[in-house]
There are 2 protein chains.
Amino acid sequence: MRPVTLKEIAKELGISVATVSKALKGYQDVSPKTRKRVLELTEKLNYSPNTAAISLRKQHTKTIGVIIPTIVHYFFSSVIEAIIKIADSKDYLVILLQSDENFELEKKQVNLLLSKGIDGLIISLSNHTRTYTHLKKLQDYNVPFVQIDKISKIVHSSKVIIDDRKAAYNAVSYLIEKGYKKIAHFRAGLNPQNSIDRYLGYKKALEDNDIPLDPSLVYICDNNRDFEDGIFNAEKMIKEHGNSVDAIFTVNDMLAIGAIHYFRNNDIKIPEEIAVFGFSNWFMSSVISPKLSTVNQDGSIMGEAAINVLFEEIENKRAGKPALNKTVVIDTDLVIREST
Amino acid sequence: MRPVTLKEIAKELGISVATVSKALKGYQDVSPKTRKRVLELTEKLNYSPNTAAISLRKQHTKTIGVIIPTIVHYFFSSVIEAIIKIADSKDYLVILLQSDENFELEKKQVNLLLSKGIDGLIISLSNHTRTYTHLKKLQDYNVPFVQIDKISKIVHSSKVIIDDRKAAYNAVSYLIEKGYKKIAHFRAGLNPQNSIDRYLGYKKALEDNDIPLDPSLVYICDNNRDFEDGIFNAEKMIKEHGNSVDAIFTVNDMLAIGAIHYFRNNDIKIPEEIAVFGFSNWFMSSVISPKLSTVNQDGSIMGEAAINVLFEEIENKRAGKPALNKTVVIDTDLVIREST
DNA sequence: TCAAATACCGAAAACCTTTTCGATTGTTAT
DNA sequence: ATAACAATCGAAAAGGTTTTCGGTATTTGA
């Protein structure tokens, strides 16, 4: 059984494909009689238009692309879920790609999507993305895109982000307020903007409270296995600093959970001997023990914002106007639990 | 800037589009000279073929669909990740849709994908799917699909599953072997095949060990909020049975984690006073406290298997042969941790 | 030198839909 | 009765690619 086409409908009815098409599209130059006949037959045969043909003719695909570093990730999967839901409700399909924190793959995927002819793209950059010709190419070909969460500040496009610096500042300030003085930071690699901004927020909070920054308290965790990395660096920290450290602020929850794991296994009490503050508010953070204090970064809200901005850009492009390039900043808040 | 087409290449070179196309495709009836010229120009202009046109002409889309109940879910996101990776490596794109455990949505999405003209579909059924006309339709139109994890036994198609019944049987047998006698079961709704089979495995294990099944120990958790449901039913169980219950076997990890949460908050020691056995081996299970014993159900492996048999089916169809309809059963094993 | 074989190329159809524009029929007004 | 007009329809082109088939032009063999 093959999908029925306009031509077959037309033949069956003894009219032209043009008329069938117009009947379906509600054109006024088709008589009520034939319109009714067309509608009935298409219904009966459950005709549905050939998407490839429409794409070819109309030069759009009703499809958007999403490229993210990792799918198995609470924050990102929440983002994806929100995007897909809203896209679906507007009859857009989404093609999902995972860059796996691999820059070459990311580049290849952008090109793939470009040749596929997507109507728009939402992208969160890999940790190793340092050049942006692939994004420029999107601009060259005038396909709207919005960066989300892990962005490049230097490429012009719409963005939806949180104020990483401020959020980190608030978290560390809270720690200081609570009396913690010697505060370590588990950061991510040197590249991703997130990592930089959160570090900067950490640094600023210390400065504003007259606590000198001790570089030996800043641990770089960038081998992509956050849980193990958390364990590893917690151990390293204890070896280097004994139990003199009051608290840790980590760049993400998974690192914090790894650290907690290590501390529990070594009978280091949380938060009595050491407090732990995470970042992202993964679901897991609320069910582990002790429950993790963290910065709430809502993936659903960010995903929703991203797809909405993208639709705005698409609409905008259709109207022939230049890109909006707006950046929307999503609020975060501190969620305080047992670990601090 | 618009994507360059064959026609433009041809014009520039003063040859026909047919020749350009053939040069690109490696046909033998084009001279080395002109082939070289074509290749150079397409490279320079970085030509990439229009996907819609190819789809229209070749009657395939190099795209597969994936419909699953929930994305924010460790098991399913692992499945998705594996599918996308392998698809990507074979130059297939994947369109992801979430049915949200909503049958009507699932049906709509199948139709959407059908009209989109996907080359194949991987689907995991919603909890409320009881009729299968939408799957029949896939068969009518001869689009290959494979059911994964949450399947219907009565519709003929390729499937990749685990032996839920056996896995549950093994888990409960282990519990009994360890000396637990009064074993409760937190099951899911009455419909999904998973839930039925795991319950049946539980029942069989009891029978084979001469433990009478006590229906009051079977709790149905089907309101889609597993963590809260775990808490709720743990509390209910304690109210109804005091501390006489030795162990719980839950239909999934999240329910177990909810239950553990409740027990810890009420100073009920695990596993001393009550043991908990989960199902799926979510990552979370290995980092919570106490670490959860569970059935290991590897999403990556299942996803990989699914996409591979889908490709087999697609290949098969291309060869004009009838559907394979093979069902592959993925091994599971018990991972024993602190909770038992 | 001529016939046959080969190398190379292009026209055209097909995939399916949308939309413009011209054509035809029927209707109204003068 | 004729002109003007409205109503209804269809031909055709366009969107980009693939592939068959036929047609030159060139080379080979005798």
Side-chain angles (χ1 to χ4, degrees), chain A residues 1-39 41-42 45-63 91 114-119 141 318, chain B residues 1-39 41-42 45-63 91 114-119 141-143 318:
Chain A
M1 196 165 154
R2 283 176 29 75
V4 56
T5 69
L6 286 188
K7 202 201 284 190
E8 288 159 3
I9 304 273
K11 194 175 193 182
E12 179 84 13
L13 255 32
I15 57 179
S16 75
V17 294
T19 306
V20 177
S21 176
K22 285 190 286 191
L24 258 14
K25 295 275 153 196
Y27 277 64
Q28 282 315 304
D29 61 344
V30 30
S31 74
K33 246 173 294 177
T34 67
R35 179 191 314 283
K36 183 153 170 290
R37 293 210 306 146
V38 169
L39 258 24
L41 190 57
T42 51
L45 268 35
N46 64 70
Y47 164 79
S48 87
N50 180 303
T51 317
I54 293 179
S55 293
L56 184 56
R57 168 75 217 216
K58 302 264 270 275
Q59 305 286 49
H60 69 230
T61 52
K62 282 271 195 179
T63 301
D91 284 324
L114 209 43
S115 81
K116 177 77 181 180
I118 48 166
D119 292 345
Y141 286 97
R318 193 167 302 155
Chain B
M1 196 165 154
R2 285 177 27 75
V4 55
T5 69
L6 285 188
K7 202 199 285 190
E8 287 158 4
I9 304 272
K11 194 174 192 180
E12 180 85 14
L13 255 31
I15 59 179
S16 76
V17 294
T19 305
V20 178
S21 176
K22 284 190 287 190
L24 258 15
K25 293 276 153 196
Y27 277 65
Q28 283 314 305
D29 63 342
V30 30
S31 72
K33 246 172 296 178
T34 67
R35 160 166 297 115
K36 185 155 169 289
R37 292 210 304 145
V38 168
L39 258 25
L41 190 59
T42 50
L45 267 37
N46 65 70
Y47 165 80
S48 88
N50 180 305
T51 316
I54 293 179
S55 294
L56 184 57
R57 167 73 217 216
K58 302 264 269 275
Q59 303 287 52
H60 68 228
T61 52
K62 284 272 197 175
T63 301
D91 285 325
L114 208 45
S115 81
K116 178 77 183 180
I118 48 168
D119 292 344
Y141 285 97
N142 199 21
V143 354
R318 195 166 302 156

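So you know, we letter chains A, B, ... as the sequences are listed, proteins then strands, and number each from 1.
Rounded to the nearest 0.5 Å, atoms CG (B:Asn50) and OG1 (B:Thr5) are 9.0 Å apart. With rounding to the nearest 0.5 Å, the separation of CG in B:Asn142 from CE in A:Met1 is 11.0 Å. Between the CG atom in B:Leu39 and the CG atom in B:Leu24 there is a gap of 6.5 Å [rounded to 0.5 Å].
Rounded to a whole Å, the NZ atom of B:Lys116 is 16 Å from the P atom of C:dC16. When rounded to the nearest whole Å, the span between CG of A:Leu6 and P of C:dT19 equals 12 Å. Atom-to-atom, NZ of A:Lys25 to C1' of D:dT8 comes out at 20 Å; the value is rounded to the nearest Å. Following rounding to the nearest Å, A:Leu24 (CG) and C:dT19 (P) show an atom-to-atom distance of 12 Å. One atom, CD of B:Gln59, and another, P of C:dT17, lie 10 Å apart when rounded to the nearest Å. In this structure, the CD1 atom of A:Ile9 is 17 Å from the C1' atom of D:dG10, given to the nearest Å. Rounding to whole angstrom units, CD1 of residue A:Ile15 and P of C:dA23 are separated by 21 Å. A straight line from NE2 of B:His60 to P of C:dC16 spans 14 Å, rounded to a whole angstrom.
If you check every strand for non-hydrogen atoms under 4.0 Å, A:Lys22 touches a base. Residue A:Ser31 is in sugar-phosphate contact alone, with no base atom involved, counting any heavy-atom pair closer than 4.0 Å across all strands shown. B:Arg35 comes within contact range of no nucleotide atom at all, as no heavy-atom separation falls under 4.0 Å.
OP1 or OP2 of D:dC9 has not a single side-chain nitrogen or oxygen of A:Arg37 nearer than 4.0 Å. Between B:Ser21 and the phosphate of D:dT19, there is no side-chain N or O to OP1/OP2 separation shorter than 4.0 Å. At C:dC9, none of the side-chain N or O atoms of B:Thr19 fall inside 4.0 Å of OP1 or OP2 (strictly under the cut-off). The phosphate of D:dG15 (OP1 or OP2) has no side-chain N or O of B:Arg2 nearer than 4.0 angstrom.
The one candidate from B:Val4, B:Val38, B:Leu41 that meets the side-chain contact (heavy atoms from CB on, under 4.5 Å) condition with B:Tyr47 is B:Val4.
At least one donor-acceptor pair under 3.5 Å links the side chain of B:Arg35 to the backbone N or O of B:Tyr27. A donor-acceptor pair is defined here as one N or O able to donate and one able to accept, closer than 3.5 Å; no such pair exists between the side chain of A:Ser115 and the backbone of B:Thr51.
Against DNA chain C, the stretch residues 46-56 of chain A makes heavy-atom approaches under 4.0 Å through A:Tyr47, A:Pro49, A:Asn50, A:Ala53, A:Ile54.
Side-chain to base pairing of B:Lys7 with D:dG15: no donor and acceptor N or O lie closer than 3.5 Å to each other.
Closest to the B:Asp29 side chain, of the nucleotides C:dC9, C:dC16, D:dT19, is C:dC9. The side chain of B:Ala18 has C:dG10 as its nearest neighbour among C:dT17, D:dG10, C:dG10. Nearest nucleotide to the A:Tyr27 side chain, out of D:dT8, C:dT20, D:dG10: C:dT20.
Comparing A:Val17 and A:Gln28 along DNA chain D, the residue whose closest nucleotide (by nearest heavy atom) sits nearer the 5' end is A:Gln28.
Annotation: salt bridge (Lys or Arg N to Asp or Glu O under 4.0 Å) contacts involving residues 7-25 of chain A, sequence neighbours excluded, comprise A:Lys22-A:Asp29.
In the model, B:Thr63 has a side-chain atom that pairs as donor or acceptor with a side-chain atom of A:Lys116 under 3.5 Å.
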